[in-house]
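Worksheet: the structure to be examined is printed underneath.
Order of listing sets the numbers, starting from 1, for every ligand and every atom in it. Scope of the values below: all heavy atoms of this structure, side chains included, with no hydrogens, waters or symmetry mates.
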Amino acid sequence: MTAIYLDHAATTPVDPRVKEAMLPYFDLEYGNPSSVHRLGRKARFVIEECRERVAALIGAEPSEVIFTSGGTESDNLAVRGGLMASGRPHGVTSAAEHEAVLRPFQRLGRRGEPVTVLRPAGNGSVSVRQLEEVLQPETGLVSFMHANNEVGTLSPIAEMVELCRRNGTLMHTDAVQTAGLMPLDVGELGVDLMSASAHKFYGPKGAGLLFIRSGVDLHPLIEGGAQERRRRGGTENVPAIAGLTEALTLARQEGDEWYARILSLRRRLLNGLAAMIPGEYRLNTPQSEDQTVPGIVNLSFPPSDGHRLDGEMLLLNLDMEGVLVSAGSACTSGAVEPSHVLRAMAVPDDTAAASVRFSLGKGTTDEEIDRAIDVLTKTLRRMKRQVTA
Ligand code: PLP
């Protein structure tokens with residue numbers, strides 16, 4: 001039995017075309033882009049060509065794109081580097097952010113910097129109104145994710161940008177969960193900083209990008225060489241950059257098709273769950289298709305007859321039956337702690353502790369969805385019988 005992989009928000013397999021695009025830079029074209037000889041010049045040319053392609057795909061100028069080691073680094077650089085360089089001390093974010101954003105803010109807060117962490121509404125997103133209430137003349141940077149990685153909720157980024165602009169505040173968005181699936185135009189979104197990560201859209205792990213709007217100053221986190229316009233020292237990862245570029249190109253070429261397909265899978269999944277286990281779960285993902293990315297469906301199982309369901313055991317049982325899902329973000333799965341996102345959304349701990357995130361991909365089939373629903377239904381029945389026995 002081959003496993004059914006429904007954890008695409010954690011990572012995706014590398015598309016064979018992406019792998020192909022990366023291969024020459026491991027051995028044939030292995031030069032260091034900083035070397036002046038021909039192999040070095042070739043590597044430099046490849047990177048700058050990738051930068052141009054990526055910039056065109058997100059509506060930016062090439063000088064506004066830097067390559068990083070992934071979403072975490074891009075987020076850290078945007079938050080810490082952006083706030084430090086802004087010359088204003090106050091930062092604003094949400095309690096439902098990925099830890100790559102949340103932790104840098106929390107560290108700044110512990111050091112005594114004024115940081116506001118807003119609690120999201122029950123759907124997982126902070127409202128424009130909430131942001132308006134906390135913006136101050138001293139607010140240097142605001143960071144809200146484009147789509148939440150655990151529940152899929154989209155944030156009203158373009159409207160938030162309006163407020164920030166009027167206040168002279170930088171706006172960063174973590175677009176790690178949307179970059180491959182939705183067309184992202186930094187002109188339309190209006191953000192000053194935007195993070196993305198290749199392994200979420202069929203590219204390699206360890207490859208990310210940060211859009212930095214022209215004129216925005218940023219303190220580097222990694223200093224050393226003059227690479228990436230002195231914003232990120234260190235020899236560039238040429239194969240990873242080539243892979244990210246190819247993956248984003250394919251995502252833009254085929255993304256509409258993937259989106260439509262994944263949306264139909266989401267409908268099938270939600271209908272199937274409603275038919276098979278009605279009333280047994282709480283849907284943490286917004287029901288409305290306009291409010292969420294289609295690929296993420298997050299459910300929790302509240303205690304029934306006073307019995308809590310063991311969330312970790314549920315994931316392991318599903319795994320044994322060949323259905324691979326997460327409890328939330330990959331780093332919290334396996335841990336007993338309920339997800340910080342569900343907590344921030346005021347989901348009770350005994351419910352949040354038994355949660356499943358299905359995340360669908362471009363290769364997911366209808367049959368896999370049907371089988372996953374069937375396995376989930378049987379597993380729940382079995383586990384419930386065991387706790388009440
Ligand atoms: N931000 C979000 C919303 C994510 O989902 C992730 C990965 O799960 C990250 C940041 C971190 O990205 P990376 O794994 O490339 O460091």
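Summarising the geometry of P294 relative to L360, their closest heavy-atom pair is O-CD1, 4.2 Å, with the distance given to 0.1 Å.
Within ligand 1, the atoms closer than 4.0 Å to a non-hydrogen atom of N149 are 3 (C), 5 (O), numbered from 1 in the order shown. Shown in contact with T72 at under 4.0 Å from a heavy atom are these atoms of ligand 1, numbered in order with element: 11 (C), 12 (O), 13 (P), 16 (O). Proximity to M145 (heavy-atom distance under 4.0 Å) selects the following atoms of ligand 1: 3 (C). Each of the following atoms of ligand 1 lies closer than 4.0 Å to a heavy atom of H199: 13 (P), 14 (O), 15 (O). With ligand atoms numbered from 1 in the order given, ligand 1 contributes 1 (N), 10 (C) to contacts under 4.0 Å with heavy atoms of D75. Listed by number with element, the atoms of ligand 1 under 4.0 Å from a non-hydrogen atom of G70 are 15 (O).
At a 4.0 Å cut-off, not a single heavy atom of E97 sits close enough to ligand 1 to count as contact.
For the side chain to side chain contact (heavy atoms under 4.5 Å, CB included) test, residues two or more places apart in sequence or in another chain that qualify with D349 are P338, R343.
Looking at K200 against ligand 1, only its side chain comes within 4.0 Å, counting heavy atoms. When heavy-atom distances to ligand 1 are checked against a 4.0 Å cut-off, D174 comes that close only through its side chain, counted from C-beta outward.
A salt bridge links E246 with R53: at least one charged nitrogen is closer than 4.0 Å to a carboxylate oxygen.
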Between F201 and W258, does the ring-ring contact (aromatic ring centres under 6.0 Å, His included) criterion hold? Intermediate values first, please. CA-CA 11 Å; F201 49 88; W258 303 352; 8.7 Å; no
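Within the structure, no pair that satisfies the salt bridge (charged side-chain N to carboxylate O under 4.0 Å, His left out) test touches residues 172-183, not counting sequence neighbours.
In this structure, a donor-acceptor pair under 3.5 Å is absent between the side chains of T173 and H146. For the residue pair S195 and D75, a side-chain donor N or O sits within less than 3.5 Å of a side-chain acceptor on the partner.
The heavy atom nearest to atom 15 (O) of ligand 1, considering only S74, A207, A179, S197, is found in S197.
Residues S300 and Y281 fail the side-chain proximity criterion, which asks for heavy atoms closer than 4.5 Å.
Between G71 and ligand 1, at least one pair of N/O atoms sits closer than 3.5 Å.
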